[in-house]
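Residue numbers start at 1 and run along the sequence shown.
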Amino acid sequence: MDKCLERYVDSAFVYRYTQNPDAVRTEDDARKYGLNCVALAHLAIKALTGHELPPDLLCAELYADRERFDHTEDLKDLRAGDLVWFGIENPSVMPDAFMPRYEGRTLVNWDEFPVKHVAVYTGDRDVQGEALLLHATFYAGTNVVWPLSQFSSYRRYKKIYGASRLRNIDIVK
């Protein structure tokens, strides 16, 4: 795993649902206040590419962003830093039809959005060849790396909604 991402696999990072990228702009913020999966995705992209995403790209907005990201359902050609999106099976509203409603920073119709989680491809695969993904999850209470197949064990991560790749940005070394 790239050293830029390796530093995020640390129990000092506590999962906090409310700690979105608009509240967590730095690694220090994340260590101090906690972070959610979207905030971790922002930090990982910044660490890997040097590119800072706008803080108002929360889960629904980041998933739908086609200005900065290309979206694909094909996971065969993942690259380090690609975002992999997970959610529930058989949703009542498809992601493209979802209209987010906020009260302050809180998404009040979260239960309608089928995409519930994002993870970052580390660039590595396990011995079985499965993609290894870094993510912040309440199941572990911190940031962890899981093989792709492990996500389907959880209702909220059952369906893969595809992957997003930041456009025209190279990995910083």
Is there a donor-acceptor contact under 3.5 Å from the side chain of Asp29 to the main chain of Arg25? yes
Indicate if Val115 and Ile160 have the same hydrophobic cluster label, given that clusters are the connected sets of ILVMFWY residues with side-chain heavy-atom separations under 4.5 angstrom. yes
Should the ring pair Tyr8 and Phe13 be called parallel, tilted or perpendicular, given that the plane angle runs from 0 to 90° and is split at 30 and 60? tilted
From CA spacing to verdict: side-chain contact (heavy atoms from CB on, under 4.5 Å), Met1, Val9: CA-CA 10 Å; Met1 177 181 344; Val9 183; 4.0 Å; yes
Establish, yes or no, whether the cationic atom of Lys159 lies under 6.0 Å from the six-membered ring centre of Trp85 and within 45° of the ring axis. no
Return the orientation label for the His117 and Phe86 ring planes: parallel under 30°, perpendicular over 60°, tilted otherwise. tilted
Taking the side chain as everything from C-beta on, heavy atoms only, tell me whether Tyr121 gets closer than 4.5 Å to Leu75. no
Within the side chain of Asn109, is there an N or O that forms a donor-acceptor pair under 3.5 Å with the backbone of Arg101? yes
Please say whether more than 12 non-hydrogen atoms of neighbouring residues, nucleotides or ligands are located less than 6.0 Å from CZ in Arg31. yes
Before you tell me yes or no, could you show the steps for Leu57 and His42 under side-chain contact (heavy atoms from CB on, under 4.5 Å), namely the whole-Å CA-CA distance, both residues' side-chain angles and the distance that decides it to 0.1 Å? CA-CA 9 Å; Leu57 288 179; His42 276 244; 3.9 Å; yes
Does Trp110 share a hydrophobic cluster with Val93, counting links as ILVMFWY side-chain heavy atoms below 4.5 Å and allowing steps through other members? yes
Looking at side-chain heavy atoms only, is the closest gap between Leu83 and Val120 below 4.5 Å? yes
Residue from Tyr157, Trp146, Tyr15 passing side chain to side chain donor-acceptor pair (under 3.5 Å) with Thr137: Tyr157
For Arg7, does the CZ atom sit with more than 12 other heavy atoms under 6.0 Å from it, leaving out its own atoms? yes
Side chains of His135 and Val118: does their closest heavy-atom pair fall under 4.5 Å? no
Evaluate the ring planes of Tyr139 and Tyr154, with Trp represented by its six-membered ring, and classify them as parallel (under 30°), tilted (30 to 60°) or perpendicular (over 60°). tilted
Just by distance, do the side chain of Asn20 and the backbone of Ala23 share a donor-acceptor pair under 3.5 Å? no
Charged N-O contact under 4.0 Å between Asp70 and Arg167: yes
Flag yes if more than 12 heavy atoms outside Tyr17 fall under 6.0 Å of its OH atom; otherwise flag no. yes
Do Arg68 and Leu166 have side chains that approach each other closer than 4.5 Å (heavy atoms only, starting at C-beta)? yes
Whether the side chain of Thr142 engages the backbone of Asp10 through a donor-acceptor N/O pair (distance < 3.5 Å, no angle test) should be reported. yes
So does Ser152 get a backbone contact from the side chain of Lys158, meaning a donor-acceptor N/O pair under 3.5 Å? yes
With a 4.5 Å limit on heavy-atom distance, are the side chains of Asp96 and Met94 in contact? no
